[in-house]
Amino acid sequence: MGEREILLATPRSFCAGVERAIEIVERALDRFGPPVYVRRQIVHNRHVVAGLERRGAVFVEEADEVPEGSVLVLAAHGVAPVVRQQAADRGLRVVDATCPLVAKVHQEVRRFAAGDRAVLLIGHHDHEEVVGTHGEAPENVIVVADPDEAERVEVPDPTRVSYVMQTTLAVDEAAETAAVLRRRFPLLSAPHRDDICYATTNRQRAVRDIARDSDLVLVLGSQNSSNSQRLAEVAEAAGATAHLVDDATAVELSWLAGSRRVGITAGASAPPALVDELVQSLAGLGPVSVHERGDLVEDVEFTLPKEVSR
Ligand code: SF4
């Protein structure tokens, strides 16, 4: 086989919410000194977590594992109010790294629930973001995972029903689920703007574009990263074989056999350096030509919480 072509999807890798969350932990370590406790993975990527652990971050499952009076960072996926209460009860100094776009969905849930409406949350049962959003109004929120569940879901009053979405869903499938809900509940009210975030939407569009021209698509990201999993699914749906891998070492040589055009992307929680390493590792197997696809520049920036901003 001659030269192998590598197609790099643009945009890929870190989004503004992930960059902000990592910076919050780094600044908290600088300001307060280690250990800084972090509830759950700050973002769903094991390389990011390992890097912060090396600097003195300690990852815990729940606030009650954190010594009283310590600093606790809440992860980017957001938490239910009950978690904030637990942290306050222990006298923890909380720094909130919830992505502002997730916080916006929490706000919508509170607004709809205050109007005594049922809130259908389109998302994956048990995903951390969904658990947190559900916790804003557990009496009102019902999680709807897919079009099938949308066909079956029942609400107390079909004239008082709204929907919101997890931020990292597959755009097409979520639209299908919302369409079923709209058909079943004609008075359904929607958020002001779609909840699937810009980073999810842009990365799915970009991977679809390279997948059409690739034999194989490699998606860098951890298995528990929802947006990374969706990228692999979108690539498969566009006709390529796709694998989600944590880094270059997880790529199996048998996948590359006969793959002349290899597409590469990375989930919003996967560090850009992993892409460079993967390209280098493919170049080590034989001649490659590398092509950037797409020119969309993301300029979203979020401010930092006051505890670490000055
Ligand atoms: S993927 Fe979207 S919602 Fe999640 S952290 Fe990034 S910008 Fe925020």
Side-chain angles (χ1 to χ4, degrees), residues 9-27 38-49 51-52 73-80 95-109 121-124 126-136 163-175 191-208 219-234 244 265-272 274-275 296-305 308:
T10 302
R12 59 180 180 271
S13 196
F14 282 173
C15 61
V18 163
E19 280 177 348
R20 174 179 180 270
I22 295 169
E23 187 176 354
I24 287 172
V25 179
E26 288 171 345
R27 282 179 171 238
V38 184
R39 182 182 176 276
R40 311 284 173 92
Q41 292 193 336
I42 183 74
V43 300
H44 285 155
N45 186 273
R46 69 181 185 84
H47 290 281
V48 170
V49 169
L52 292 171
V73 179
L74 301 175
H77 311 99
V79 297
V95 189
D96 189 358
T98 301
C99 176
L101 300 183
V102 175
K104 183 192 83 147
V105 182
H106 282 234
Q107 215 171 43
E108 288 161 359
V109 168
L121 165 55
I122 303 176
H124 298 282
D126 301 330
H127 184 275
E128 253 170 73
E129 181 186 323
V130 170
V131 172
T133 310
H134 179 268
E136 282 291 346
Y163 80 92
V164 295
M165 285 181 190
Q166 183 182 341
T167 56
T168 51
L169 296 179
V171 174
D172 294 346
E173 190 184 331
H192 293 311
R193 282 188 61 181
D194 253 10
D195 293 320
I196 296 181
C197 77
Y198 78 96
T200 299
T201 309
N202 292 346
R203 279 154 191 68
Q204 286 178 19
R205 198 172 290 146
V207 79
R208 187 177 297 116
V219 180
L220 287 154
S222 289
Q223 294 297 330
N224 62 343
S225 160
S226 171
N227 83 85
S228 305
Q229 284 173 349
R230 302 292 86 78
L231 291 179
E233 288 168 10
V234 168
L244 174 61
T265 187
S269 46
L274 297 176
V275 174
L296 183 72
V297 178
E298 293 176 332
D299 54 5
V300 176
E301 272 181 43
F302 299 124
T303 54
L304 292 166
V308 293

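Both ligands and their constituent atoms are indexed starting at 1 by order of listing.
Between Y163 and L121, the closest side-chain pair of non-hydrogen atoms is not below 4.5 Å.
Only protein atoms were considered; those of element N, O or S under 2.8 Å from atom 6 (Fe) of ligand 1 number 1.
R230 has a carboxylate O that lies under 4.0 Å from a charged side-chain N of E233, or vice versa, which qualifies the two as a salt bridge. By the 4.0 Å N-to-carboxylate-O rule, R39 lies too far from D96 to be salt-bridged with it. Residues R203 and E298 are paired through a salt bridge, judged by an N-O separation under 4.0 Å between the basic side chain and the carboxylate.
For N224, the side chain to side chain contact (heavy atoms under 4.5 Å, CB included) partners at least two apart in sequence or on another chain are Q41, H44, S222.
Rounded to the nearest 0.5 angstrom, Q166 CD and C197 SG are separated by 10.5 Å.
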